[in-house]
2 protein chains.
Amino acid sequence: MKTRDKILLASLELFNERGERNTTTNHIAAHLAISPGNLYYHFRNKSDIIYEIFQEYEKLVDYYLDIPEDRPLTVADMTFYLESVFDGLWSYRFFHRDLEYLLDCDPRLRSDYRDFTNRCLAAMKTIFEKLAEAGIVQKQPEELREVMALNIWLVVTNWMAFLKTAHASTGDEGLSLTALKQGIYQVLTLEMPYLMPEYRDEVMSLRERYRPVLPEQRDSDVA
Amino acid sequence: MKTRDKILLASLELFNERGERNTTTNHIAAHLAISPGNLYYHFRNKSDIIYEIFQEYEKLVDYYLDIPEDRPLTVADMTFYLESVFDGLWSYRFFHRDLEYLLDCDPRLRSDYRDFTNRCLAAMKTIFEKLAEAGIVQKQPEELREVMALNIWLVVTNWMAFLKTAHASTGDEGLSLTALKQGIYQVLTLEMPYLMPEYRDEVMSLRERYRPVLPEQRDSDVA
DNA sequence: CTATTATTAGAGTATATACTCTACTCAGTC
DNA sequence: GACTGAGTAGAGTATATACTCTAATAATAG
């Protein structure tokens, strides 16, 4: 593997583990047992590394959110979207953690990220629309779809951060895949009131699969 | 005003304006035209300043979320809760911005913040319960109240961050009070499906007051 | 008036961070 | 077999950051 790619990979790994703020270019170089100079031979600065990682993230999510035009959506599609998005969020979780600072540092990133957000919101609106066409959820006015998409976006992108703040430990230890996927439970709860009777049971039992094991888990580890 | 209090005030101001990460103790001292040594006479370290500011924040929100036990809740109460919480969020907006890092730095803060979150969620659950008793929203099972409260928490605490990322500018310029209060529109949209017919019109017209002026505002400032 | 304590200034320190510079290696190539 | 240029090492730099130390001054109590 090329050094350049190794740098990207190691950066992502360290950013996710310890946060971008706590990861210096020297750390990255040391982790790869290369010199800082070498790192700066491949990247002009830290921002460029972050920007490239973001572009990977963007590409991945865009790929996940591809919507078939030739057929109606199914509940399985919806499951896939939810699972994929949370997987992507996990793989690049450092990004949303320090989002505001990162955007302040790099105007390119700010602009690209805004476009990215808008694409995601548009995709979600389309998904709603197609779910309605498929008779899975009720047909909603354009405006409501818009606001709903935004609410789901907020829940999805901040679920991980919530879990981290809700846990006693500092690192990733407390973050199980079960807990992460419980975010899907939260999202499906938002959709619940809009389900069509014909699909209600199916979606509800799907939702059930993501229910937290212990309902009061969050309180169980109070000091 | 005592120097100690001035330090807290200036810190909050600078944190909110430029972010905690971009605000050093030297900046704070310079802003007040006092020496760094003086600042460190009053506070052992930066974490202590942040911790005290958090305690103010906590106190304010706890005060806002006080729930009357002797009478049923009204739509006016709900409005007050929403308005107050967003006001508080605005006054201490630096806090949620760098939350994860701040909690990583200070175990006291982590623990206190978790308790704070749980208190807020509990308050929200109680509010739902009392709104149901008052016949404003449908009576819901305990479990649903819990999940709903969490979703609203996510929307409320991250609405500001979303607005900042959605705008082209770096600082606070793009953040109008109108935009901020649009968060209330988002929250009321979540509650919408659970409204009782008797109060539906009243709450819906309340919601209407917070509707964004331009539906596609987010796209209007694309570079 | 004096002794003590609270408050302040301001220079100084240890450490870290992003990044630079110079020099070296070594694989390919004409 | 000299030449080129991508790749690498590693010491070095400018700056910043959180924080300390010493000494001076203002306030207050006895």
Side-chain angles (χ1 to χ4, degrees), chain A residues 1-54 94-95 97-98 100-110 170, chain B residues 1-54 94-95 97-98 100-110 170:
Chain A
M1 186 190 266
K2 293 231 160 233
T3 305
R4 198 189 148 82
D5 296 325
K6 278 198 229 162
I7 293 173
L8 288 173
L9 216 65
S11 300
L12 176 58
E13 186 186 329
L14 292 176
F15 287 163
N16 278 339
E17 253 170 40
R18 315 154 42 152
E20 179 272 341
R21 187 173 185 170
N22 301 319
T23 306
T24 72
T25 48
N26 288 1
H27 287 143
I28 299 166
H31 187 77
L32 289 169
I34 67 172
S35 70
N38 192 355
L39 184 147
Y40 278 92
Y41 170 79
H42 291 282
F43 293 92
R44 265 190 349 150
N45 51 41
K46 197 179 173 184
S47 263
D48 275 9
I49 298 178
I50 294 164
Y51 186 60
E52 281 210 26
I53 294 179
F54 166 69
F94 87 95
F95 190 70
R97 168 171 173 169
D98 286 307
E100 286 199 53
Y101 176 79
L102 296 177
L103 298 191
D104 278 354
C105 289
D106 190 341
R108 287 174 307 178
L109 195 61
R110 174 174 291 278
T170 296
Chain B
M1 185 190 262
K2 295 229 160 236
T3 304
R4 198 189 147 82
D5 296 325
K6 279 197 228 162
I7 293 173
L8 288 173
L9 215 66
S11 299
L12 177 58
E13 188 186 328
L14 292 176
F15 287 163
N16 278 339
E17 256 171 39
R18 315 153 42 152
E20 179 273 340
R21 188 173 184 170
N22 300 319
T23 306
T24 71
T25 48
N26 288 2
H27 286 145
I28 300 166
H31 186 77
L32 289 170
I34 66 172
S35 70
N38 191 356
L39 185 147
Y40 278 92
Y41 169 78
H42 290 283
F43 293 91
R44 267 190 350 160
N45 52 41
K46 198 179 173 187
S47 262
D48 275 9
I49 298 178
I50 294 165
Y51 186 60
E52 281 209 25
I53 294 180
F54 166 70
F94 86 94
F95 190 70
R97 167 170 174 170
D98 286 307
E100 285 198 54
Y101 176 78
L102 297 178
L103 298 191
D104 278 352
C105 289
D106 190 341
R108 288 173 306 176
L109 196 60
R110 174 173 291 276
T170 295

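Proteins come first, then strands; the chains are lettered A, B, ... in the order of their sequence lines, and each starts at number 1. No experiment lies behind these values; they were computed from the predicted model shown.
- Using a cutoff of 4.0 Å between basic side-chain nitrogens and carboxylate oxygens, B:R44 and B:E52 are not scored as salt-bridged.
- Salt-bridge annotation for B:R97 and A:D104: present, with a side-chain N of the basic residue lying under 4.0 Å from a carboxylate O of the acidic one.
- Closest non-hydrogen pair, B:D5 versus B:M1, comes out as CB-CG, 3.9 Å.
- A close approach under 4.0 Å does not occur between any side-chain nitrogen or oxygen of A:Y41 and OP1 or OP2 of D:dT8.
- Under the 6.0 Å distance and 45° angle rule, A:R108 counts as a cation-pi partner of A:Y51.
- Put simply, B:Y40 has no side-chain N or O that comes within less than 4.0 Å of OP1 or OP2 on D:dT20.
- Checking C:dC19, C:dT8, D:dG7 against every side-chain atom of A:T3, the shortest atom distance belongs to D:dG7.
- Straight-line distance from the CD1 atom of A:I28 to the C1' atom of C:dT17: 12 Å, rounded to whole Å.
- As rounded to whole Å, 11 Å separates atom C1' of C:dT7 from atom CD1 of B:I7.
- For A:I50 and C:dA18, the CD1 to C1' distance is 12 Å, given to the nearest whole Å.
- Between the CZ atom of B:F43 and the P atom of D:dA18 there is a distance of 15 Å, given to the nearest Å.
- By the 30° and 60° cut-offs, the orientation of the rings of B:F15 relative to B:F94 is tilted.
- OP1 or OP2 of D:dA18 sits under 4.0 Å from a side-chain N or O of B:T25.
- In this structure, A:D48 atom CG and C:dA18 atom P are separated by 14 Å, rounded to whole Å.
- At D:dA9, one or more side-chain N or O atoms of A:S35 fall inside 4.0 Å of OP1 or OP2 (strictly under the cut-off).
- Whole-Å rounding puts the A:L39 CG to D:dG7 C1' distance at 13 Å.
- Within 4.0 Å of B:I34, counting heavy atoms only, lie sugar-phosphate atoms of the nucleic acid but no base atom.
- With distances taken from any side-chain atom of B:N38 to the nucleotides C:dT8, C:dT17, D:dT17, the minimum falls on C:dT8.
- Heavy atoms of A:N45 sit under 4.0 angstrom from primed sugar atoms or phosphate atoms, though from no base atom.
- Residues A:D98 and A:R21 share a closest heavy-atom pair of OD2-N, 3.8 Å.
- The CG-P distance, from B:D5 to C:dT7, rounds to 11 Å in whole Å.
- Whole-Å rounding puts the A:L32 CG to D:dG7 P distance at 15 Å.
- Taking the nucleotide of DNA chain C with the nearest heavy atom to each of A:N22 and B:R4, the more 5' of the two is matched to B:R4.
- Which of C:dT7, D:dA18, C:dA18 sits closest to the side chain of A:K46 comes down to C:dA18.
- A:H42 has a side-chain polar atom (N or O) that falls below the 4.0 Å cut-off from OP1 or OP2 of D:dT8.
- Closest to the B:P36 side chain, of the nucleotides D:dA9, D:dT17, C:dA11, is C:dA11.
- As judged by a 4.0 angstrom heavy-atom cut-off over every strand, B:A29 is placed among residues making no nucleic acid contact.
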